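Values below: every heavy atom of this structure, side chains too, minus hydrogens, waters and symmetry copies. Worth saying up front: this structure is predicted, and the values here are computed from it rather than measured.
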Amino acid sequence: MNVFKERLLPWKRSSSTFLRFLSDWFAKNARPFPWRKDYSPYAVWISEMMLQQTQADRGSEYFTAWIRRFPDIHTLSRASEQEVLHLWQGLGYYRRARYILQTARLLCKEHDGRLPAKRGALLALPGIGPYTAHAILSIAYNLPYCVIDGNVLRVWARLLDIPFVVDTVPFRKELELFLEGIMKGIEPRLFNEALMELGALICTPTQPSCGECPVSGFCESYRKGTVAIRPVKKKKTPPTRLACTAFVVSREGRYLLQRFPPGGLFANMWGFPIVQYENKHPDFASAAQDFQVKYAIQVKRKKRLTSFVHSYTRYKIHLHALLTVPVGQLKTLSKNQQWLSLEEIRQLPMPSAHHRIWKTLKGSVDKPCSTRVT
DNA sequence: TAAGCGTGGCA
DNA sequence: TTGCCAAGCTT
């Protein structure tokens with residue numbers, strides 16, 4: 001990759017000025033996130049796990065609630081997976097929460113309850129990859145490892161005006177060598193946090209604030225006017241569209257809930273029974289038939305609770321939630337299917353769409369006479 | 001290597 | 001309403 005051979009030399013000469021501009025800017029503009037208070041390895045680890053593919057503003061509240069409930073790794077190690085998932089509810093990518101619990105238990109057993117300060121040991125832990133390992137090493141332990149996340153990739157794609165897709169293994173390797181070269185004159189924590197903060201606040205994906213950028217004088221894309229087309233994006237596969245019908249089955253103030261099987265989507269979380277279709281929604285009779293085949297319960301329709309569009313991973317679903325009542329004899333339930341009260345349901349870890357159905361249901365039960373505009 | 005894994009905000 | 005996007009990791 002010749003990009004770095006060509007552009008490295010000027011950077012080596014002027015990097016001290018670049019670093020000064022960058023760190024001065026960060027000193028004035030760093031957002032006061034709760035994980036920036038003491039930089040304890042535990043806090044840095046939890047925050048970095050929460051911030052994987054998640055904007056920092058959203059992670060902030062979850063982090064505060066998490067630390068309040070699990071102030072240290074030993075407390076965390078004694079938690080149940082259900083409670084951990086419940087605290088994670090709404091944040092997405094739920095296996096991160098399970099990885100954290102696994103790691104906490106493992107560290108309490110084998111590492112005296114501390115996060116290792118060694119790269120290899122960190123990488124061996126569940127849910128910790130190159131980014132998170134380097135983030136812990138540099139931000140918590142102030143060791144000279146660079147982080148390469150979406151922000152850093154975007155910032156450098158523009159600073160160096162890279163004309164090809166940068167989110168590849170070979171480019172990341174070259175960039176890592178480059179960054180390790182120029183970060184020698186600065187605190188590792190400061191360098192990494194400042195670069196990511198710059199990407200989050202100034203060098204944003206759309207409509208970057210180049211006029212306010214402390215290092216625009218170093219930016220090749222800014223000079224050429226190519227900022228808007230950097231970084232070069234790789235094409236994505238469009239989402240699979242699904243039509244889903246959730247069956248809210250009501251019986252004596254309790255509702256039927258099912259647990260998602262371990263290993264897959266929403267593993268070990270709970271939700272309302274659901275049937276899905278590739279095209280459009282069928283009529284109620286055939287949906288009820290499919291529901292009966294899948295869950296062995298015959299139901300009668302009462303009303304439609306809510307409808308909305310919800311996207312997750314590679315799916316985009318149009319969902320109807322129907323309030324129904326069972327007809328005829330009820331089969332014995334397994335431990336992964338339960339009749340639960342609204343309050344019991346509230347305590348369960350649920351994916352966002354199901355939690356939204358629960359909120360609508362609770363509203364319609366609390367205020368059954370409320371005027372519905374639909 | 002590419003796909004699977006969530007979600008809410010915003011243009 | 002729709003598409004795009006974010007402090008990634010695992011298989």
Problem set entry | Nucleotide of C/dT10, C/dC9, C/dG8 approaching A/Tyr99 most closely (side-chain heavy atoms) | C/dT10
For this session: Take the protein atom CD1 of A/Ile148 and the nucleotide atom P of C/dG8, then report the distance between them rounded to whole Å.
Result: 12 Å
Problem set entry | Heavy-atom pair with the smallest gap, counting every atom of A/Arg154 and A/Gly199 | NH2-O, 2.7 Å
For this session: Check whether any side-chain N or O of A/Arg58 sits under 4.0 Å from OP1 or OP2 of B/dG6, and answer yes or no.
Result: no
For this session: Would you classify A/Pro130 as touching base, sugar-phosphate or nothing, given that sugar-phosphate means primed atoms plus P, OP1 and OP2, and contacts are heavy atoms under 4.0 Å?
Result: sugar-phosphate
Problem set entry | Closest nucleotide among C/dG8, B/dG6, C/dG3 to the A/Arg96 side chain | B/dG6
For this session: Side chain of A/Arg95 only, please: which of B/dC5, B/dG8, C/dT2 is the nearest?
Result: B/dC5
Problem set entry | Between C/dC4 (P) and A/Asp167 (CG): distance, integer Å | 16 Å
For this session: Looking only at side-chain atoms of A/Gln52, point me to the closest of C/dG8, B/dA11, B/dT7.
Result: C/dG8
Seminar exercise, completed: Among the nucleotides B/dG8, B/dC5, C/dC5, whichever has the atom closest to the side chain of A/Lys233 is C/dC5
For this session: State whether A/Phe308 and A/Arg356 meet the cation-pi test: NZ (Lys) or CZ (Arg) under 6.0 Å from the six-membered ring centroid, and within 45° of the perpendicular axis.
Result: yes
For this session: Using a cut-off of 6.0 Å, state whether more than 12 heavy atoms not belonging to A/Arg114 lie near its atom CZ.
Result: no
Exercise. Atom CH2 of A/Trp88 to atom P of B/dG8: distance rounded to whole Å?
Worked result: 15 Å
For this session: Could you tell me whether the phosphate oxygens of B/dT7, OP1 or OP2, come under 4.0 Å of any side-chain nitrogen or oxygen in A/His310?
Result: yes
Exercise. OP1 or OP2 of B/dT7 sitting under 4.0 Å from any side-chain N/O of A/Tyr94?
Worked result: yes
Exercise. Does the side chain of A/Arg241 get closer than 4.0 angstrom to OP1 or OP2 of C/dG3 through an N or O atom?
Worked result: yes
Exercise. Is any side-chain N or O of A/Thr132 closer than 4.0 Å to OP1 or OP2 of C/dC9?
Worked result: yes
Problem set entry | P gap between B/dG8 and C/dC9, integer Å | 23 Å
Exercise. Does A/Tyr312 get its side chain close enough to the base of B/dG6, under 3.5 Å, for a donor-acceptor pair?
Worked result: no
For this session: Compare every heavy atom of A/Phe272 with every heavy atom of A/Gln258, then report the nearest pair and how far apart it is.
Result: NE2-O, 3.4 Å
For this session: Write down the distance between CE (A/Met49) and P (B/dC5), rounded to a whole number of angstrom.
Result: 17 Å
For this session: Provide the distance between the two C1' atoms, one in B/dT1 and one in C/dA6, to the nearest whole Å.
Result: 22 Å
Exercise. Within this structure, what is the CH2-to-P distance between A/Trp45 and C/dG8, rounded to whole angstrom?
Worked result: 18 Å
For this session: Assign A/Arg36 to base, sugar-phosphate, or nothing according to its heavy-atom contacts below 4.0 angstrom with the strands shown.
Result: base
Exercise. Choosing from B/dG6, C/dG8, C/dA6, which nucleotide comes nearest the side chain of A/Pro205?
Worked result: C/dA6
Exercise. If only side-chain N and O atoms of A/Gln55 are considered, is one of them under 4.0 Å from the OP1 or OP2 phosphate oxygen of C/dA6?
Worked result: no
Exercise. With a non-hydrogen cut-off below 4.0 angstrom, is A/Pro351 in contact with a base, only sugar-phosphate, or nothing?
Worked result: sugar-phosphate
Problem set entry | Given DNA chain C, 5'-ward residue of the pair A/Leu125 and A/Arg31, judged by closest heavy atom | A/Arg31
For this session: Look at atom CD of A/Glu61 and say whether more than 12 heavy atoms of other residues, nucleotides or ligands are closer to it than 6.0 Å.
Result: no
Exercise. Please give, in whole Å, the distance from B/dT7 P to A/Leu91 CG?
Worked result: 10 Å
Exercise. Of A/Ser311 and A/Gln207, whose closest DNA chain B nucleotide lies nearer the 5' terminus?
Worked result: A/Ser311
Exercise. Starting at the 5' end of DNA chain B and moving along, which residue's nearest nucleotide shows up first, A/Gly264 or A/Thr206?
Worked result: A/Gly264
For this session: Is it possible for you to check whether A/Arg346 lies under 6.0 Å from the centre of the six-membered ring of A/Trp358, through NZ or CZ, and within 45° of that ring's axis?
Result: no
